[in-house]
Amino acid sequence: MLLAHLKKAAFTALWFAFLTFPLLVIKVNPDERVIIWRWQNLFYAAAAGFLGSLAGHAVAAVKAKKKYAAPREQLRLFDKTAVRLTALASLLLAAAVFPHLVSTYQVNIMSTALLYMLLGLGLNIVVGMAGLLDLGYVAFYAVGAYSYALLNLHFGIGFWTALPIGGLLAALFGILLGFPVLRLRGDYLAIVTLGFGEIIRLVLENWTAFSQGPSGISGIPRPGFFGLKMTLDQSLTYLYYLMLLMVILTVFATSRLQNSRIGRAWAALREDETACRAMGINKTKIKLAAFASGAFWAGMAGVLFAAKTTFVNPASFTFMESAVILCIVVLGGMGSIPGVIIAALLLILLPEYLRALADYRMLAFGATLVLMMIFRPGGLLAPSRKRHQTEQQ
């Protein structure tokens, strides 16, 4: 059975490569009157067709699961695992070949989407998992960006050294924010975190001797690769892969945290803070851990942002940035990791691809958000609650 599916997938890959050959392989340069042959795209098309065919067979196997003699629960687990692994492999392959199939502009937009994925996953720890409404999350983003900018400006510290430093400094600020708000919840917590975000922005804007004020800091170097000199296009592609790797690491880390003991403590805190305390959970520790963990990823995202733009100033870290990141978490489904990823893609890519609507672009974008919140109030992929059944004796 497996061999038959592999043969069908190989045939589909060849047929797909043949159909897409004129579009993906042949490129005509009218200025120089030459034809450019992009043979590597043929391999990418064949690989996409092969994985897509396997994914289709896996979905068909799920629908026809009653025909198998294996136990129902075991078969369901196998089918879901196969579908998930095939879908994950297809997505990773598509993300890996994406920069080689599109223009530099598209790569730059996707890098921005990956950056907001990283920010959304970090805020998802605080808001989605722990239930702590944080409206000043952009402050930790600014701490990471200015950490790299200032350390490079005064001490010549490079990207790879500044990346963990920016994350740790942001985590430290997260702990400093966490202590004053330990007894706050709901609207009061949101107001204090909003004020914290504005304090950071105003300090960066007015303390000119420290941060160079509204003029910002320019000339921030992009990350290198063993001393190799890269063009602008190569540097942007390299940053895209770095951000992709960071998103993968963040997804792995947050999923492990969500299923760990501290993740269950965050879930208890989110559902009922009083009951959480009555169960013997140290509320102080888990709140500080949530703020520090979320801030850590925001700090590293800030370092990546500074390296991507090579310029930072306080105008990049306004409340609207916090609102966009919070929209990503809420729209995707609070506590849902796949939902945050999909929401980041929609919220960042949709405005760019609606530019054809000109003046009506933001109106269409807002209408889309309103419709989503009406028909999917729990988010695109609301996390399912875990149920524990006990055997009756």
Side-chain angles (χ1 to χ4, degrees), residues 5-6 8-10 12-13 16-17 20 23-24 40-63 77-103 106-122 124 128 236-259 297 301 304 328-329 331-333 335-350 352-353 372 376 379-384:
H5 288 329
L6 290 175
K8 290 181 180 179
T12 303
F16 187 69
T20 57
L23 296 175
L24 297 180
Q40 71 276 10
N41 292 353
L42 189 66
F43 170 75
Y44 299 145
F50 183 79
L51 290 175
S53 178
L54 287 180
H57 289 308
V59 173
V62 173
K63 293 181 178 180
L77 179 62
F78 172 76
D79 289 338
K80 287 184 177 180
T81 303
V83 171
R84 288 174 181 173
L85 290 177
T86 305
L88 182 60
S90 302
L91 288 174
L92 289 177
L93 178 64
V97 303
F98 178 81
H100 304 286
L101 301 177
V102 298
S103 64
Q106 301 291 340
V107 173
N108 194 32
I109 293 175
M110 189 57 69
S111 298
T112 304
L114 290 172
L115 187 65
Y116 277 89
M117 277 184 208
L118 190 58
L119 290 167
L121 290 168
N124 192 40
L236 290 176
T237 303
Y238 179 50
L239 268 171
Y240 166 84
Y241 283 118
L242 283 181
M243 292 183 184
L244 179 62
L245 179 61
M246 283 299 301
V247 168
I248 293 172
L249 291 175
T250 307
V251 168
F252 174 77
T254 52
S255 63
R256 297 292 292 174
L257 281 173
Q258 192 173 29
N259 298 319
W297 298 111
L304 287 168
I328 289 173
V329 176
L331 183 63
S336 172
I337 295 174
V340 169
I341 294 174
I342 295 174
L345 289 173
L346 288 176
L347 288 181
I348 303 305
L349 299 183
L350 193 61
E352 292 295 332
Y353 292 114
M372 284 301 307
R376 298 286 298 179
L380 292 173
L381 294 175
S384 58

Quick one: pull up [atom1] in [X] and [atom2] in [Y] and give me the separation to the nearest 0.5 Å.
X      : Y      : atom1 : atom2 : answer
Ile248 : Met117 : CD1   : CE    : 10.5 Å
Gln106 : Asn108 : CD    : CG    : 10.0 Å
Leu249 : Trp297 : CG    : CH2   : 6.5 Å
Leu119 : Leu304 : CG    : CG    : 9.5 Å
Leu242 : Met246 : CG    : CE    : 9.0 Å
Leu347 : Tyr116 : CG    : OH    : 10.5 Å

So which atom in [X] and which in [Y] form the shortest heavy-atom distance, rounded to 0.1 Å?
X      : Y      : value
Ala301 : Leu115 : O-CD1, 3.4 Å
Leu349 : Ile109 : CD2-CG2, 3.3 Å
Thr237 : Pro99  : CG2-CB, 3.7 Å
Val251 : Leu121 : CG2-CD1, 3.7 Å

Could you pull out all donor-acceptor pairs under 3.5 Å where a side-chain atom in residues 335-346 meets a protein atom, sequence neighbours excluded?
unit_1 : atom_1 : unit_2 : atom_2 : d
Ser336 : OG     : Gly339 : N      : 3.1
Ser336 : OG     : Leu381 : O      : 2.7

Inset, instruction - Could you list the residues that satisfy ring-ring contact (aromatic ring centres under 6.0 Å, His included) with Tyr238, not counting sequence neighbours? - result: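 By the ring-ring contact (aromatic ring centres under 6.0 Å, His included) rule, Tyr238 matches Phe225.
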